[in-house]
Amino acid sequence: MRAKSILTLCDGPTCIHKNSRVIREALEAEICKHGLSEEVGIHLSGCLGMCSKGPILIINPGYTIYGGITVEDIPEIVQEHLVHRQPVARLVVQEDHLYNRFFRIFGDVDFFGRQMRIALRNCGIIDPESIDDYLSVRGYEALAKVLTGMSPREVIAEVKKAGLRGRGGAGFPTGLKWDITARETSDEKYVICNADEGDPGAFMDRSAIEGDPHTVLEGITIGGYAIGAVKGIVYIRAEYPLAIKRLEKAIAAARENGLLGNNILGSNFSFDIEIRLGAGAFVCGEETALIHSIEGRRGMPTPRPPYPSVKGLFGKPTLINNVETWANIPVIILDGGEWFSTVGTETSKGTKVFALAGKVHNTGLIEVPMGTTLREIIYDIGGGIPDGKKFKAVQTGGPSGGCLPEDYLDTQIDYESLAAAGSIMGSGGMIVIDEDSCMVNLAKFFLEFTQDESCGKCTPCRGGTKRMLEILTRITEGNGKEGDIEKLERLGNMIRKASLCGLGQSAPNPVLSTLKNFRHEYEEHIYQKKCRAGICSNLVTYEITEKCIGCGACRRVCPVNAIAGKRQEQHVINQETCIKCGQCFTTCKFDAIVKA
Amino acid sequence: MVTPLDIIKKKRAEAVARIIGRGYLSTKRVYVGMATCEIAAGSKEVMEVFRQAISNGGLTDVYLSQKGCAGRCNLEPTVEIVEEGNIPVKYGKVNPERARQIIEHHLKNNEVIEEWLI
Amino acid sequence: MEKSITIHINNKPYTVDSGQTIMQAADKLGFHIPRLCYHPKLSIEGACRVCIVEVEGMKNYVASCSFPVNDGMKIHTNTTELRRARRDIVELILDNHPLDCHTCDRNGTCELQRLSYSMGIKARHFEGERKHYDEDLSSRAVVRNPNKCILCGRCVRICSEVQNVHNLSQAHRGFRTVVMPAYNMPFSESVCTACGQCINVCPTAAFVEKSYTQELFEQLNDPNLIKVVQFAPSVRAAIGEAFGLEPGHNMEGQLVAALRKLGFDYVFDTQFSADLTIMEEASEFLERIQNKGVLPMITSCSSAWMKCMEQFYPDLIDNVSTCKSPMSMNGAMIKSYFTEKIQVDPKKILSVAVMCCTAKKYEADRPELMFDDLRGVDIVVTTREAAWMIKSAGIDFLKIQPEKVDAPLGLSSGAGAIFGATGGVMEAAIRTAYELYTGETLVDIELGGIRGLKGIKEASLEMDGREIRVAVAHGLGNACNLLDLVRKDPGRYHFIEIMGCPGGCVGGGGQPYAGANSIPLDEEALQKRAKALYDLDRGKTIRRSHENPDIQKLYREFLQRPLSPTSHKYLHTHYQAKLPRGIIPDKAIF
Ligand SMILES: Cc1cc2nc3c(=O)[nH]c(=O)nc-3n(C[C@H](O)[C@H](O)[C@H](O)COP(=O)(O)O)c2cc1C
Ligand code: SF4
Ligand code: SF4
Ligand code: SF4
Ligand code: FES
């Protein structure tokens with residue numbers, strides 16, 4: 001039966017410290033006592049961001065927030081709220097924060113319970129094409145607040161206090177970047193929103209724009225105010241037509257409402273935003289390449305320094321941040337930098353959006369507080385590995401991230417911990433890999449992408465990734481040689497340290513991390529000519545066992561006539577002729593053909 | 001003096017009034033996911049079914065709106081139905097046929113179709 | 001604001017100025033960090049990564065060509081790990097390079113060769129697939145061979161940043177990256193002006209001139225031909241470098257002797273026809289001044305400029321002097337005046353020009369320059385090719401006895417010599433124009449204001465109470481900047497000299513490659529070459545073109561007077577607007 005009420009109990013560190021786990025037991029017992037177990041669901045959530053008022057219990061429908069509750073309060077809450085549907089007024093906390101609004105309306109607690117939504121707070125809640133919807137959820141209030149009574153320096157101080165770091169990959173402190181750009185003196189400055197999102201399989205930024213374009217525009221405008229720019233540019237890939245359409249619509253609506261253009265909201269701040277389309281090269285997400293692309297030149301990175309904050313678009317100081325970074329800004333302004341900094345870990349504040357994909361039950365877009373462990377994401381939110389398969393690795397950070405094995409499942413999500421584990425935060429790709437995947441082949445797959453997307457400018461990335469790919473290809477084809485592993489390491493380390501831009505500097509990550517964590521698989525490929533996952537076709541042999549009834553189906557599908565055998569007798573595969581296409585394997589109805 | 005904050009608060013009040021004017025206070029609110037991924041999964045057609053049902057008068061006291069992606073990629077298209085005082089329900093993998101069923105059973109007769117819920 | 005800071009290189013402290021890169025600081029301290037894509041005249045590319053160093057506290061290597069020094073910075077240039085990484089990088093370049101050094105045009109002058117030698121590469125680790133492209137042989141002047149390209153981007157940068165032609169760009173991505181003109185057009189159809197600067201800066205043989213040396217050797221052995229050669233002013237000032245001399249030696253006598261030894265029957269001097277050019281050009285200028293013709297008048301000696309103008313400044317066609325270049329004037333005189341004198345059929349003449357320039361190969365082919373169905377010059381070889389031929393023929397250039405040029409197309413004034421340096425044509429023209437206009441001799445004939453390597457130089461002088469404003473630009477980029485001024489303010493100047501190459505002909509696309517311890521287009525070398533020409537001028541008693549007795553004789557015997565119908569037939573030309581392919585024309589212009 002579907003629950004009539006859903007109780008969300010904060011299971012963040014502070015609330016646990018404040019006895020939430022004991023409260024939970026008391027709650028369960030009390031609910032049971034009233035015979036409500038059937039119609040009341042209890043769920044634990046990650047930190048709800050209200051630590052100072054904890055322990056926190058939220059009851060839906062109605063989004064009633066109880067704070068500072070003790071075991072003694074439980075009977076009253078159950079009796080009054082759950083039985084009589086009357087909130088216990090003395091325990092209710094009045095909160096009008098922006099984040100986590102989804103708790104008001106989402107019923108889908110399994111998936112959302114552990115999440116915390118700041119950047120995506122309106123995604124899936126409001127109509128993205130309606131500025132009314134956005135205004136109704138306190139949209140543009142942060143901008144109004146800034147224009148009413150905050151100096152640019154105060155805005156920057158607030159962002160610094162929040163401890164926000166860039167969500168585009170490198171994790172550079174956002175407030176510091178704003179500060180540097182604000183300090184530059186120049187007749188013109190620019191603000192850029194990086195919505196290039198070139199990682200294959202990534203769609204965080206696209207969803208954020210499609211689901212809530214005004215938030216991004218509001219963030220950019222606040223950034224423009226803080227650094228003294230009059231123009232903002234959203235650089236978005238042309239393959240995102242819906243996001244572009246919604247952005248255009250949002251910009252038009254914002255202009256109409258005096259939220260962009262001259263004298264915004266009657267103040268003397270003027271600012272406008274334009275859209276520039278990218279052609280979808282991965283490297284054009286790199287900030288200097290992106291700037292060249294906007295300038296109409298070939299999208300190739302240039303050495304930094306000079307950084308864009310000093311010499312960027314058209315040689316002018318330019319503030320460039322990622323979509324998700326921008327989306328955090330209105331919340332920081334309204335809920336406060338101090339509050340923001342309570343979410344997350346020591347070095348990484350706030351939340352991070354991930355595109356969870358691969359071999360998990362619930363694939364999708366999630367936003368979790370920094371500090372959430374990989375295990376929580378994969379098993380609690382993702383629902384674990386389907387089909388009873390075994391977990392093998394998780395790859396974070398997109399095509400240039402690293403693959404972490406089971407030992408690392410308790411790694412916390414933050415910039416430093418992931419780097420220490422040998423991977424990266426990147427822009428938020430997360431791919432779960434089960435035992436059916438060959439790690440060598442996987443590394444090759446990612447390197448194929450980066451190798452192909454290398455802009456070709458610098459030698460290590462252009463030439464080095466090509467040679468690495470050649471070596472990986474021969475290993476997966478069964479032609480690996482002694483010394484290949486060492487060559488991969490040698491090249492990989494050199495490319496990582498010598499390349500011009502982040503693409504090259506991170507391209508060897510999938511290879512180096514699998515070499516570190518799954519070295520035995522490489523060795524098996526090279527020395528035993530074996531692929532344990534049965535993926536590298538050259539290393540697989542198909543054999544027919546005594547289960548064969550001699551139906552001849554396999555003989556008929558084999559494209560090279562490698563199978564022989566009389567009717568109703570066990571067939572045999574001629575290994576010399578076999579091209580390992582696997583057709584016989586899929587055709588046999590009697591499981592008589594095995595892969596080895 | 002009128003501050004930007006005053007202006008924005010006024011704008012918000014106007015926006016809320018307009019939303020209410022569009023029927024937000026109806027007993028049931030229906031939200032159809034309309035992000036690229038959802039549209040690719042077929043949400044446009046689903047939206048059309050609801051729209052038709054409302055425009056031909058078969059469905060009343062319902063507020064219909066679109067929304068962005070909420071992240072449930074593997075279960076798209078999604079349709080969420082919100083009713084004040086109740087836990088909202090969300091249907092996954094909705095197609096036009098399912099949408100018609102949802103209209104008949106859930107919206108018109110308050111029978112939630114449990115097996116399609118997320 | 002520069003201030004003194006302390007840096008450590010390989011554990012030793014040094015005091016250096018802030019505001020410079022690690023490479024610049026190290027250079028001054030006597031550490032030559034290996035490098036490839038860096039060129040001081042061009043923007044920082046940071047592409048080759050050969051110049052990496054270790055900086056304590058930084059997790060990655062740092063490209064020293066682009067990274068600034070900071071106070072207290074601890075730099076290491078030669079750690080074991082760094083040496084290995086650097087060597088691996090150079091190996092990666094070699095692994096995608098043809099490795100046919102012994103038959104390559106740049107054998108001995110190739111920067112990659114020198115670099116890989118200095119890396120101590122003994123074993124090869126990463127060989128694999130190599131690129132294969134066809135050579136682009138379509139142009140008369142410039143050959144593009146992407147197989148040898150190491151993607152340092154120098155050519156792209158010089159063609160855009162210095163020459164403003166923007167003919168070249170990297171195309172495609174990753175391993176398939178290749179430098180090409182827009183849409184991979186053949187060079188002959190591209191906007192290339194044939195200036196040859198890409199050849200000058202390319203560290204390898206990915207850009208070279210189209211060579212005519214084999215053909216020339218064959219024709220020199222043809223007994224039925226009369227072989228005549230001329231050589232440009234700045235060839236003599238640079239060719240010594242190809243034989244190991246420092247820049248700045250005037251090798252005129254040796255060159256004349258060597259050309260005779262190669263088999264030329266007559267050795268003439270382009271400096272003679274430079275004097276002739278001045279006669280025609282100064283007269284044309286005065287005519288424009290007096291008859292309210294189109295001003296400013298712009299010189300036309302530089303062939304790369306000719307093409308640049310026809311493509312990008314067709315609106316200025318009427319401003320450009322109709323005079324042919326000195327080379328083409330000489331060629332025209334060889335096949336008319338001279339053949340009449342020695343009474344042979346011009347078709348029996350092999351007219352060769354040794355030029356500091358690659359664009360002259362293109363110019364020699366321009367149909368607009370033909371007369372009597374003849375081309376004035378049949379074969380153009382560059383300074384480099386001439387030096388190679390001299391070596392290949394076994395001539396000991398440095399020990400040879402100097403010889404003198406032949407009459408009647410050899411004797412020159414000092415004005416003809418300085419044609420080879422930027423500002424020289426203007427200076428020479430003023431020396432003559434002044435006298436023709438005022439009837440008085442210009443006493444102070446050295447115009448310091450328009451000498452030197454400043455991009456755009458301006459001067460003004462008075463002729464009979466009339467102010468004449470002149471401007472000089474060298475390198476097509478500077479030229480474009482100057483002409484953009486002219487487009488906005490046509491009355492600003494009366495006379496403009498434009499040379500397509502940096503420094504003028506001394507920095508031409510056909511000059512000897514930089515030696516092992518020098519860099520292409522090094523300013524000091526350009527200045528030394530120019531100085532050799534200015535010294536030549538100073539050493540002459542005749543320093544004004546109109547005083548050259550052989551010029552006077554030529555007018556007496558053949559041309560009558562400047563701008564006569566005969567002059568027009570042989571010495572003047574015309575231009576045609578060329579729509580650059582692949583570029584959307586500016587409606588206002590076409
Ligand atoms: C190869 C490469 C691709 C990148 N792609 C993106 C991208 O798609 N979106 C993005 O925001 N940042 C991308 N970045 C990071 C940007 O260079 C830059 O750091 C970022 O936009 C800064 O914003 P932030 O401080 O908000 O993260 C990329 C970097 C590299 C090296
Ligand atoms: S690291 Fe790769 S993408 Fe980046 S500049 Fe070098 S070649 Fe281009
Ligand atoms: S010859 Fe000159 S114009 Fe032509 S490509 Fe080279 S640098 Fe550019
Ligand atoms: S052609 Fe020569 S100068 Fe141009 S990029 Fe290639 S190697 Fe460098
Ligand atoms: S010389 Fe510094 S990267 Fe090439």
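Proteins come first, then strands; the chains are lettered A, B, ... in the order of their sequence lines, and each starts at number 1.
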Query raised in the report: Checking heavy atoms, do the side chain of B:Thr36, its backbone, both or neither come under 4.5 Å from chain A?
Result: both
Requested in this report: Mind listing the closest non-hydrogen atom pair of A:Leu242 and B:Ala35 along with its distance?
Outcome: CD2-C, 3.7 Å
Requested in this report: Measure across B:Ile87 and A:Lys4 and return the closest heavy-atom pair with its distance rounded to 0.1 Å.
Outcome: CG1-O, 3.2 Å
Query raised in the report: In Å and rounded to the nearest 0.5 Å, what is the SG to CE distance from B:Cys69 to A:Met204?
Result: 12.0 Å
Query raised in the report: Out of B:Lys11, B:Lys10, B:Arg12, which residue meets the salt bridge (Lys or Arg N to Asp or Glu O under 4.0 Å) rule with A:Glu141?
Result: B:Arg12
Report task. Would you check if B:Lys67 and A:Ile126 make a side-chain contact, meaning some heavy-atom pair closer than 4.5 Å? Result -> no
Query - Exceeds 12 heavy-atom contacts within 6.0 angstrom, atom CD of B:Glu84 - result: no
Query - Part of A:Ser130 within contact of chain B (heavy atom distance under 4.5 Å) - result: side chain
Report summary line: Most contact-rich option vs chain B, by heavy-atom pairs under 4.5 angstrom, among A:Asn362, A:Leu147, A:Ile366, is A:Asn362
Requested in this report: Between chain B and each of A:His361, A:Arg85, A:Arg206, A:Glu367, count heavy-atom pairs under 4.5 Å; write down the option with the most.
Outcome: A:Arg206
Query - Under 4.5 Å from a heavy atom of chain B, the part of A:Asn257 involved - result: both
Requested in this report: Check whether A:Tyr134 gets within reach of chain B through its side chain, its backbone, both or neither, counting any heavy atom under 4.5 Å.
Outcome: neither
Report task. Measure across B:Ile7 and A:Gly266 and return the closest heavy-atom pair with its distance rounded to 0.1 Å. Result -> CD1-N, 4.3 Å
Query raised in the report: Can you say whether B:Asn86 sits under 4.5 Å from chain A via the side chain, the backbone, both, or neither, judging by heavy atoms?
Result: backbone
Query raised in the report: Given the options B:Ile19, B:Val16, B:Ile39, which has more heavy-atom pairs under 4.5 Å with chain A than any of the others?
Result: B:Ile19
Report task. Flag the pair B:Arg22 and A:Asp132 as a salt bridge only when some basic side-chain nitrogen lies within less than 4.0 angstrom of an acidic carboxylate oxygen. Result -> yes
Requested in this report: Measure the shortest side-chain to side-chain distance between B:Pro4 and A:Lys145 over non-hydrogen atoms and say whether it is less than 4.5 angstrom.
Outcome: no
Requested in this report: Check whether A:Ile131 gets within reach of chain B through its side chain, its backbone, both or neither, counting any heavy atom under 4.5 Å.
Outcome: neither
Query raised in the report: Do you know which two heavy atoms are closest between B:Tyr31 and A:Ile125, and how far apart they sit?
Result: CE2-O, 3.9 Å
Report task. Report yes if some heavy atom in the side chain of A:Leu135 is under 4.5 Å from a heavy atom in the side chain of B:Ile8; otherwise report no. Result -> yes
Query - Validation row: B:Met34, A:Arg246 side chains within 4.5 angstrom (heavy atoms) - result: yes
Report summary line: Taken to the nearest 0.5 Å, the spacing of A:Leu356 CG from B:Cys73 SG works out to 9.0 Å
Query raised in the report: Above 12 or not: heavy atoms from other molecules or residues under 6.0 Å from NZ of B:Lys93?
Result: no
